[in-house]
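Start at 1 and go down the list; that is how both ligands and their atoms are numbered. Owing to the predicted nature of the structure, the values given are computational and were not obtained by experimental measurement. Numbering of residues begins at 1 and proceeds along the displayed sequence.
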Amino acid sequence: DLQSNTDSPTFAIESYACQRRTPLKHHNASLTEALELLAQNAEFTDNEGRSVAFRRAAAVLKTLPRAVRRLDDLKGLPCLGEHSLRVIKEILEDGVSSEVESTRQSEQYKAMKVLTGIFGVGTKTAERWFREGIRSLADLKTRGGRLNREQQAGLDYYDDLNRPVSKAEAHAIGQIVGEAVRAVLPGAEITLTGGFRRGKEVGHDVDFLITHPEEGKEEGLMPKIVSWLETKGLLLYQKTTRNSYLESKDGPVRPSHNMDRFERCFSIFKLKRTPEVCGTSNQSAGQNDVTEGSDVRQQEVQSEPSDWRAVRVDLVVSPYSQFAFALLGWTGSKLFERELRRWAGQEKSMSLSSHVLYDRAQNRYLRASSEEEIFALLGLEYIPPSQRNA
Ligand code: TTP
Ligand code: MN
Ligand code: MN
Ligand code: MN
């Protein structure tokens with residue numbers, strides 16, 4: 001028990017997040033929120049190493065069976081660097097960390113938060129805009145011009161896309177995607193992935209993985225799904241990317257980065273509000289789309305509660321033979337994925353991607369038809385999706 005005055009904790013915490021069970025709900029939310037804010041700020045200032053260090057520290061706190069009360073409780077825990085410990089110490093002593101609070105209030109953090117909150121705007125673009133003096137959506141609109149199609153959609157549906165997607169909404173989207181997929185390819189299978197598969201109550205989008213038990217049947221499926229959805233007026237935006245994996249000349253390419261090569265579609269759905277989907281509180285009544293055009297038009301849109309909302313949806317098509325890898329890769333969390341790849345590379349001399357597992361020592365690809373098999377090939381205990389919330 002941690003209360004007793006022993007020097008070593010009675011349970012050991014493994015150092016890779018993929019070796020541990022990380023539940024969604026844990027006992028150290030105020031500490032992890034603080035560390036994750038610093039992680040995000042490090043991303044905003046292009047310091048990836050520091051960002052990952054803060055995220056790993058936060059992930060360790062998420063695995064603890066009780067709230068941290070004093071620094072002593074952290075003895076022997078991995079991944080807690082000097083900087084993270086300093087922040088934790090401040091919060092334990094004063095309730096807040098001055099560094100966290102001043103970051104939260106900083107002009108750069110606030111502006112980057114707003115700008116990267118636009119679908120289609122990454123850190124690089126937001127940083128450039130920040131250097132140009134842009135601090136808000138209003139600044140961006142008055143600056144005028146030069147937004148790509150994705151960013152324009154991000155701006156048009158900004159409010160909706162920054163409002164959490166509920167489980168009920170995810171379910172409703174799943175019904176629609178299911179109908180579309182069955183219509184264009186009978187026998188195809190759809191799996192909900194991402195945060196909702198890990199048990200999250202809300203998400204920033206809804207992620208689906210689609211496959212067909214007969215290898216090859218899934219080829220070219222995405223354009224058919226998309227045109228079915230478009231015909232029904234269910235898409236506000238979509239960008240489909242072809243599968244670039246099969247096309248590479250030398251056969252399967254060894255994973256070099258974490259973007260995978262599946263046929264995929266980043267989309268924005270137009271989801272009808274029904275009582276089942278909204279529950280009792282229609283929070284969005286009166287919310288407007290930020291429509292380009294005159295003030296008069298915006299006023300009109302604003303005064304009418306809309307009977308639909310915009311929802312970000314990611315669709316991915318995987319060949320059946322790669323399905324287990326795709327499922328593992330698209331279930332997340334992002335840190336859990338990152339740690340799996342780091343474990344594979346550093347501890348096992350293997351390369352893991354959302355397509356394959358490659359054994360560098362044996363110089364061959366390792367097949368797997370379930371997530372359980374992949375964990376086993378990696379020499380890891382199986383961690384179910386609900387415990388991958390690192
Ligand atoms: P996200 O949808 O970004 O994150 P999430 O579902 O965990 O949380 P939320 O949407 O609620 O914010 O990513 C889901 C998983 O998809 C994540 O583990 C990373 C993976 N992914 C890829 O494998 N390749 C990609 O190109 C992208 C964008 C994501
Ligand atoms: Mn998601
Ligand atoms: Mn997200
Ligand atoms: Mn996603």
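Of the listed residues (Lys200, Arg197, Glu337, Arg264), the one carrying the non-hydrogen atom nearest atom 26 (O) of ligand 1 is Arg264. In this structure, of Gly329, Ser333, Ser354, the residue bringing a heavy atom nearest to atom 19 (C) of ligand 1 is Gly329. Of all the listed residues (Phe196, Trp330, Phe266, Phe262), Trp330 holds the heavy atom that lies closest to atom 22 (C) of ligand 1.
Nearest to the Mn ion (ligand 4), among the N, O or S atoms that Asp207 has, is OD1. For Asp314, the N, O or S atom with the smallest separation from the Mn ion (ligand 4) is OD2. Within Asp205, OD1 is the N, O or S atom that lies nearest to the Mn ion (ligand 2).
Close approach of ligand 1 to His204 (heavy-atom distance below 4.0 Å) involves ligand atoms 2 (O), 3 (O), 9 (P), 10 (O), 11 (O), 12 (O). Counting the atoms of ligand 1 from 1 in the order shown, those under 4.0 Å from a heavy atom of Asp207 are 2 (O), 6 (O). Heavy-atom proximity to Gly194, at under 4.0 Å, picks out these atoms of ligand 1: 6 (O). Near Gly195, with a cut-off below 4.0 Å to any heavy atom, the atoms of ligand 1 are 5 (P), 6 (O), 7 (O). Per-residue contacts place Gly203 under 4.0 angstrom from the following atoms of ligand 1 (heavy atoms of the residue considered): 11 (O). Every atom of ligand 1 with a heavy atom of Asp260 under 4.0 Å away is listed here by number and element: 22 (C), 23 (O), 24 (N). Interface atoms of ligand 1 facing Gly332, defined by a heavy-atom separation under 4.0 Å, are 18 (O).
Using a non-hydrogen distance threshold of 4.0 Å, Arg198 registers as a contact of ligand 1.
Between Arg55 and Glu43 there is a salt bridge, since a side-chain N of the basic residue sits under 4.0 Å from a carboxylate O of the acidic one.
Judged by the 6.0 Å distance and 45° axis criteria, Lys270 is positioned over the aromatic ring of Trp308. A cation-pi contact, defined as under 6.0 Å to the ring centre and within 45° of the axis, links Arg135 to Phe130.
For the pair Ser84 (side chain) and Leu80 (backbone), a donor-acceptor distance under 3.5 Å is absent.
Note on Leu64: it does not cluster hydrophobically with Leu24, by side-chain heavy-atom contacts below 4.5 Å among ILVMFWY residues. Follow the hydrophobic side-chain contacts under 4.5 Å out from Leu92 and you reach Leu61 in the same cluster.
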- Test Phe266 against Asp205 for side-chain contact (heavy atoms from CB on, under 4.5 Å), laying out the working first. CA-CA 10 Å; Phe266 294 130; Asp205 69 357; over 6 Å; no
- CA sep, side-chain torsions, deciding dist, call: Tyr16, Glu347, side chain to side chain donor-acceptor pair (under 3.5 Å): CA-CA 10 Å; Tyr16 288 81; Glu347 306 295 329; 2.6 Å; yes
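Taking the six-membered ring where the residue is Trp, the centroids of His83 and Phe54 are separated by under 6.0 Å. In this structure, Phe119 has its ring center at least 6.0 angstrom away from the ring center of Tyr157.
At a heavy-atom distance under 4.0 Å, atoms from both the backbone and the side chain of Asp205 approach ligand 1.
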